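Computed from a prediction, not measured in an experiment: that's the story for all the values here. Letters go in sequence order (proteins before strands), and every chain restarts at 1.
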There are 2 protein chains.
Amino acid sequence: MDVFQAIADPTRRQIISLLANASLPVNAVAHNFDMTRPAISKHLRILTKCGLVTIRKEGRERYCTVVLSQLAAIGHWVIQYQHFWTDVPDPAAYRRPTYKRRKDDQ
Amino acid sequence: MDVFQAIADPTRRQIISLLANASLPVNAVAHNFDMTRPAISKHLRILTKCGLVTIRKEGRERYCTVVLSQLAAIGHWVIQYQHFWTDVPDPAAYRRPTYKRRKDDQ
DNA sequence: TATTTTCGTAACCAAACGGTTACTTATGGA
DNA sequence: TCCATAAGTAACCGTTTGGTTACGAAAATA
């Protein structure tokens, strides 16, 4: 499953922001939504399939943890157009400044 | 139609990057893909519905222009997690430095 | 041991998605 | 005027999506 596809659903984005605060068992996640647990289970399955969530078993509970680094693909894609939605004038503005080399530099 | 949903499809992301270089008539867009023009028409319709593309009529051609500022929603959403996928240590690092005020400053 | 709780999963369903073909309209050019 | 080209749109189709209910397995608890 594609990460872009994974974050397309608003419920899944809410799950991500929920888990960004704390890892939670499946039921605890489900209690935050107006739908049945199996529906949340399906969303969590999609999120784990693309690495956005990992699950560790603890007793009879499964703790879900979000792996935010997996959002890199989204970040890299959108950042190439960043100067169109921020006040950053141009990507070129981020080039390191060049300094004149003094002639006695080795 | 949601912008997150709009960029979920890889064809639509390709259309966006294609139009980021230049505005193009519908057929010109379609020639870049291995599918029929009506299929591309549908994708363009979805992109225009959420403001990611505008179309201006010119003779019998319709020029498509991408509106990259509409990606702001994506950008703002993903940037709150940016420090997880870049080497930026923490958002707090962006705070303006504080300077000691000299006592003769007005 | 019996019961409750947590969770996965299968089966099902309606709606949306992503494509096609066929047809129509509008414009430009011979 | 007649034809070619650009593009929209309707109808259709198979697959995917996002939800449900029903059931079963494993772990904690009485």
Atom OH of A/Y63 and atom C1' of C/dG8 are separated, to the nearest Å, by 18 Å

Within less than 4.0 Å of OP1 or OP2 of D/dT5, is there a side-chain N or O belonging to B/N27? no

Can you build the contact string for nucleotides 11-23 of chain C? Use B for base contact, S for sugar-phosphate-only contact, and - for no protein heavy atom under 4.0 Å. ------SBBBBB-

Starting at CZ of A/R45 and ending at C1' of D/dT16, how long is that distance when rounded to a whole Å? 15 Å

Per side chain to side chain contact (heavy atoms under 4.5 Å, CB included), A/L52 is matched among A/I16, A/L68, A/L44 by A/I16

Taken to the nearest whole Å, CZ/A/R56 to P/C/dT6 is 17 Å

Nearest heavy-atom contact between B/A20 and A/Y81 is CB-CE2, 3.9 Å

Measure the distance from CG on A/L24 to P on C/dT6 and round it to the nearest whole Å. 14 Å

Has A/R13 got a side-chain atom pairing as donor or acceptor with A/A8's backbone, closer than 3.5 angstrom? yes

Tell me whether the OP1 or OP2 atom of C/dC7 has a side-chain N or O from A/S41 closer than 4.0 Å. no

Where A/P25 and A/E61 come nearest, the two heavy atoms and their spacing: CG-OE2, 4.0 Å

Salt bridge present between B/D2 and B/K49 (N-O < 4.0 angstrom): no

Quick one: does any side-chain atom of B/Q70 pair with a main-chain N or O of B/C50 as donor and acceptor, under 3.5 Å? yes

Rounded to the nearest Å, what distance is computed from the CZ atom of residue B/R62 to the P atom of nucleotide C/dG28? 12 Å

Tell me every residue that passes ring-ring contact (aromatic ring centres under 6.0 Å, His included) with A/H76, counting only those two or more places apart in sequence or in another chain. B/W85

Does any donor-acceptor pair link the side chain of B/R60 with the base of C/dT27 at a separation under 3.5 Å? yes

Distance, rounded to the nearest Å, where B/L47 contributes CG and D/dG8 contributes C1': 16 Å

May I ask you to verify if any side-chain N or O of B/K57 is less than 4.0 angstrom from the OP1 or OP2 atom of C/dA26? no

Between CD1 of A/I40 and C1' of D/dG19 the distance, given in whole Å, is 11 Å

To the nearest Å, give me how far apart CD1 (A/I55) and C1' (C/dT9) are. 14 Å

